[in-house]
Asker: 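Input: one structure, supplied below.
Remember, predicted model here, so these are calculated numbers, not experimental data. The chains referred to below are lettered A, B, ... by the order of the sequence lines, with proteins before strands, and numbering in each begins at 1.
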2 protein chains.
Amino acid sequence: MGRGKLTMELICNERSRMITYHKRKKGLTKKAREFQILCGVDACVIILGPKQNNHPVDVETWPTDLVEVRRIINRFRSEGADRKKTQDLSYFFEARKKKVDDEIAKLRKSLHGKQSSLRGIIV
Amino acid sequence: MGRGKLTMELICNERSRMITYHKRKKGLTKKAREFQILCGVDACVIILGPKQNNHPVDVETWPTDLVEVRRIINRFRSEGADRKKTQDLSYFFEARKKKVDDEIAKLRKSLHGKQSSLRGIIV
DNA sequence: CTGGCTATCCTTAGGCA
DNA sequence: ATGCCTAAGGATAGCCA
């Protein structure tokens, strides 16, 4: 954009990169805001800026209200994870592991005093 | 944009809203991708679509890899919260309270046997 | 709905003060 | 760094097939 096309790769010149960082950070959050308003949906953007010497990392979010950000993350964690269960392997395995853990816990509980019968069985 | 300006408010017509939803969702994630590549930063977008009858909520993220999304959320939780300590009131007060509590604890400890000198002073 | 098309508006890279 | 300016390229609302 601007005066001349930009190849889609990391901007080498640090000064240009920082300027573009600030400009596009603003543009991205603006788009998120418009998207949310126009379409009436929850949209959340989290930006973790470049590491700078003697500065904490620049953090920017949309919405700016961290309570809102957390709310959307929580919705994502529950509804999003649910939605993607069959697509995302790690979630799948996490869910399966939990199920197995719960089963084991239940067994342990109901088997008090029956330990002998479990000799040689890994529980 | 497009043919004519758009007022920044919820699009009433449901059909138009859905079309715009899909178009802008694509645009937003593209911007996030470009931003990440050009500037070499962690950027994460979470979109929770409109509720539809007989459909689970449409969830879209950038990056599409949920492991990456979680990594960025975790970075945000740790570094982000840290960064905003001085901006976010709840964090600010939490931090201040802790500091005061620590001071009080320290005082109490070092003043064993000197209680009389604190008579009338709230500690 | 799904996928182009395009007139218009928007974003922004590079300059400059 | 900090903030405007502007030309070019990008995004997209409304249409149409």
Side-chain angles (χ1 to χ4, degrees), chain A residues 1-64 72 79 83-84 86-87, chain B residues 1-64 72 79 83-84 86-87:
Chain A
M1 311 89 171
R3 319 293 182 81
K5 207 167 180 172
L6 187 59
T7 55
M8 198 44 55
E9 57 187 10
L10 186 69
I11 297 169
C12 297
N13 183 289
E14 183 167 339
R15 181 178 152 67
S16 302
R17 192 168 67 245
M18 282 308 290
I19 293 175
T20 291
Y21 168 73
H22 285 288
K23 287 184 177 180
R24 281 183 175 255
K25 183 174 71 170
K26 194 174 170 184
L28 188 61
T29 51
K30 183 181 178 185
K31 285 282 186 201
R33 176 176 149 276
E34 293 183 351
F35 183 52
Q36 180 192 49
I37 293 174
L38 291 172
C39 303
V41 299
D42 276 342
C44 167
V45 174
I46 297 172
I47 296 163
L48 299 170
K51 293 195 200 308
Q52 303 237 53
N53 296 336
N54 310 326
H55 283 290
V57 170
D58 175 45
V59 177
E60 179 122 355
T61 65
W62 178 262
T64 51
I72 296 174
E79 300 176 53
R83 169 80 176 66
K84 299 250 181 177
T86 52
Q87 293 170 29
Chain B
M1 311 94 171
R3 318 295 184 80
K5 207 167 181 173
L6 188 59
T7 54
M8 199 41 59
E9 58 186 10
L10 186 69
I11 297 169
C12 297
N13 184 289
E14 184 167 337
R15 182 177 152 69
S16 302
R17 192 169 66 244
M18 283 308 290
I19 293 175
T20 291
Y21 168 74
H22 285 289
K23 286 184 176 178
R24 281 184 175 254
K25 184 175 71 170
K26 193 174 170 184
L28 188 61
T29 50
K30 183 180 178 186
K31 283 283 185 200
R33 177 176 148 274
E34 294 183 351
F35 184 51
Q36 180 191 49
I37 294 173
L38 290 172
C39 303
V41 300
D42 276 343
C44 166
V45 174
I46 297 172
I47 295 164
L48 299 169
K51 294 196 201 306
Q52 303 236 53
N53 296 337
N54 310 328
H55 283 290
V57 171
D58 176 44
V59 176
E60 179 122 354
T61 65
W62 178 263
T64 51
I72 296 174
E79 300 175 53
R83 167 75 177 71
K84 297 254 180 179
T86 54
Q87 292 170 30

Asker: Taking only side-chain nitrogens and oxygens of A:K31, does any of them come within less than 4.0 Å of OP1 or OP2 of D:dT12?
Answerer: yes

Asker: What heavy-atom pair brings A:A43 and A:P63 nearest, and what distance separates the two atoms?
Answerer: O-CD, 4.0 Å

Asker: Run through B:K26, B:K25, B:K30 and flag the one making a salt bridge (Lys or Arg N to Asp or Glu O under 4.0 Å) with B:E60.
Answerer: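 Only one option passes, and that is B:K25.
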
Asker: Expressed in angstrom and rounded to an integer, what is the separation of A:K26 atom NZ from D:dT2 atom P?
Answerer: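 Those two atoms, NZ and P, are 13 Å apart.
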
Asker: Phosphate oxygens OP1/OP2 of C:dA13: is one of them under 4.0 Å from a side-chain N or O of A:R24?
Answerer: yes

Asker: In whole angstroms, how far is the C1' atom of D:dA11 from the CE atom of B:M8?
Answerer: 13 Å

Asker: For A:I37 and D:dA13, give me the distance from atom CD1 to atom P, rounded to whole Å.
Answerer: 14 Å

Asker: For the residue pair B:T29 and B:I47, what are the closest heavy atoms and their distance?
Answerer: CG2-CD1, 4.3 Å

Asker: OP1 or OP2 of C:dT11 sitting under 4.0 Å from any side-chain N/O of A:K30?
Answerer: yes

Asker: Which whole-number value in Å describes the distance from B:H22 NE2 to C:dC1 P?
Answerer: 9 Å

Asker: If every non-hydrogen atom of B:A32 is compared with every non-hydrogen atom of B:V45, which pair is closest and at what distance?
Answerer: CB-CG2, 3.6 Å

Asker: For A:Q52, does the CD atom sit with more than 12 other heavy atoms under 6.0 Å from it, leaving out its own atoms?
Answerer: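 Count over threshold, so yes.
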
Asker: Can you tell me how far P of D:dG14 sits from CZ of B:R17, to the nearest Å?
Answerer: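 To the nearest whole Å, that distance equals 13 Å.
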
Asker: Grab the CD1-C1' distance between A:I11 and C:dT12 for me, whole Å please.
Answerer: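 After rounding, the reported distance stands at 11 Å.
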
Asker: I need the minimum non-hydrogen distance between A:C39 and B:Y21, along with the two atoms involved.
Answerer: SG-CA, 3.6 Å

Asker: For the helix from C:dT2-D:dA17 to C:dA17-D:dT2, what angle separates the axis at the start from the axis at the finish, each from five pairs, in steps of 10°?
Answerer: 30°

Asker: Could you tell me which non-hydrogen atom of B:E9 sits nearest to which non-hydrogen atom of A:I37, and how far apart they are?
Answerer: CA-CG2, 3.6 Å

Asker: When you measure from the side-chain N and O atoms of B:R15 to the phosphate of C:dC1, is any distance below 4.0 Å, counting only OP1 and OP2?
Answerer: yes

Asker: Grab the CD1-C1' distance between A:I19 and D:dC4 for me, whole Å please.
Answerer: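 Value for this atom pair: 13 Å.
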
Asker: Over how many whole Å does the gap from B:L28 atom CG to C:dT11 atom C1' extend?
Answerer: 14 Å

Asker: Compare the minimum distances between each of C:dA13, D:dA1, C:dC5 and the side chain of A:T20, then state the nucleotide with the smallest one.
Answerer: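 When the side chain of A:T20 is considered, C:dA13 is the closest of C:dA13, D:dA1, C:dC5.
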
Asker: Reading DNA chain C from 5' onward, which residue's closest nucleotide shows up sooner: B:K23 or B:L38?
Answerer: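 Going by which nucleotide is closer to the 5' end, it is B:K23.
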
